[in-house]
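Notes to accompany the following structure.
Keep in mind that what you see is a predicted model, and the values were worked out from it rather than measured. Order of listing sets the numbers, starting from 1, for every ligand and every atom in it.
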Amino acid sequence: MNGRTCVDTAPLDEILTRYPASEAALIQVLQDVHRAYHYLPCDVLVKVAEALEVPLAKVFSVGTFYKAFSLVPQGRTIVRVCTGTACHIRGADRLIEEFERELKIKPGETTADMGFTVKTVNCVGACAMAPVVIVGETYHGGAEPAKVAKYIAEKEADHEN
Ligand code: FES
């Protein structure tokens, strides 16, 4: 909570205009904040608590409860490499290695330009398509290491738009 960061609050101000100042809007506001900032900045959570008149502890408890939320900065695109059993058997490790090579980061890390965060995840329920990589919202079944550069390039093109 100390060491305030300089976060642009304009996106938050715009988000808050869409909702009533009520605890009932908390999750939706946090979803929109996460979409706008790609994480939940501490300063922004303080302002959300004030605006919705919700105790800060409650805001943080919601922000830490849902796996979809991150309290640390993340890349614009999250890459999720499934390492469940089916995907592991079908070469998830080679996919991880290729993402490491292409993006020069390890799972759990974010590229210096904040473009990508790579994570490993447990079974995402698409074992028939193993191995599975999810890049942003896009599922790639039968993912191949040789196509990793293409998966990344597709998203980089989105980042520029
Ligand atoms: S193990 Fe990867 S989708 Fe099930």
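Residue V124 has at least one heavy-atom neighbour below 4.0 Å for each of these atoms of ligand 1: 3 (S). Counting atoms of ligand 1 from 1 in the listed order, those under 4.0 Å from a heavy atom of A126 are 3 (S). Annotation for ligand 1: atoms under 4.0 Å from non-hydrogen atoms of A86 are 1 (S). Remark: ligand 1 atoms within the under-4.0 Å shell around heavy atoms of C82 are 1 (S), 2 (Fe), 3 (S).
Assignment of A130 to the shell around ligand 1 is not supported, since no heavy atom sits closer than 4.0 Å.
With 2.8 Å as the limit, C127 does not count as an N, O or S neighbour of atom 2 (Fe) of ligand 1. Residue contacts to atom 4 (Fe) of ligand 1: C123 brings an N, O or S atom closer than 2.8 Å.
Test V81, I89, D93, L95 against P131 for side chain to side chain contact (heavy atoms under 4.5 Å, CB included) and you get one pass: L95.
The distance from atom CG of D113 to atom CD of E156, rounded to the nearest 0.5 Å, is 7.5 Å. Atom CD of residue Q28 and atom OH of residue Y19 lie 5.0 Å apart, to the nearest 0.5 angstrom.
For atom 2 (Fe) of ligand 1, the nearest non-hydrogen atom from the set G84, G125, C87 comes from C87.
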### Task
Before giving the answer on salt bridge (charged side-chain N to carboxylate O under 4.0 Å, His left out), spell out for R94 and E97 the whole-Å C-alpha distance, their side-chain angles and the decisive distance to 0.1 Å.
CA-CA 5 Å; R94 291 201 306 281; E97 285 169 14; over 6 Å; no
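V54 and I15 fall within the same hydrophobic cluster, defined by Ile, Leu, Val, Met, Phe, Trp and Tyr side-chain heavy atoms under 4.5 Å apart, directly or through other members.
Between H34 and F69, the ring-plane angle classifies as tilted under the 30° and 60° cut-offs.
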